[in-house]
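These notes are about the structure you will find just below.
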Amino acid sequence: MTATHVFSAWIEQEECDRLIQAAPEDVDAGSIIDHETVQAWAESLSAPQPLPLPNYSP
């Protein structure tokens with residue numbers, strides 16, 4: 001693995017850690033999309049008329 005790959009992996013891990021730490025704040029603020037909505041959207045992607053990308057209403 002090159003230094004560039006190692007650095008890139010480290011940056012990705014840092015971003016993942018940041019998102020995990022921010023998650024409780026997002027939940028408290030209501031900035032989430034429930035699992036059922038996301039699952040229905042994902043399952044519709046192979047349908048002739050897939051559902052629109054879900055979004056939250058803050």
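Residue Trp41 comes nearest to Pro52 through the heavy atom pair CD1-O, 3.2 Å, listed as atom of the first residue, atom of the second, then distance. The two residues Ala40 and Leu51 come nearest to each other via the heavy atoms O-CD1, 3.7 Å.
Applying the side chain to side chain contact (heavy atoms under 4.5 Å, CB included) test to Ser8 and every residue at least two apart in sequence or in another chain returns Glu12. A search for side chain to side chain contact (heavy atoms under 4.5 Å, CB included) contacts involving Gln39 returns His35, Glu43, not counting sequence neighbours.
To the nearest 0.5 angstrom, Asn55 atom CG is 11.5 Å from Ser31 atom OG. Between Leu53 atom CG and Ile33 atom CD1 the span is 7.0 Å, to the nearest 0.5 Å.
Taking Ile, Leu, Val, Met, Phe, Trp and Tyr as members and joining any whose side-chain heavy atoms lie under 4.5 Å apart, directly or through other members, the hydrophobic cluster of Phe7 also contains Trp10, Ile11.
Between the side chains of Asp17 and Gln21, no donor N or O sits under 3.5 Å from an acceptor N or O.
For the pair Thr2 (side chain) and His5 (backbone), a donor-acceptor distance under 3.5 Å is present.
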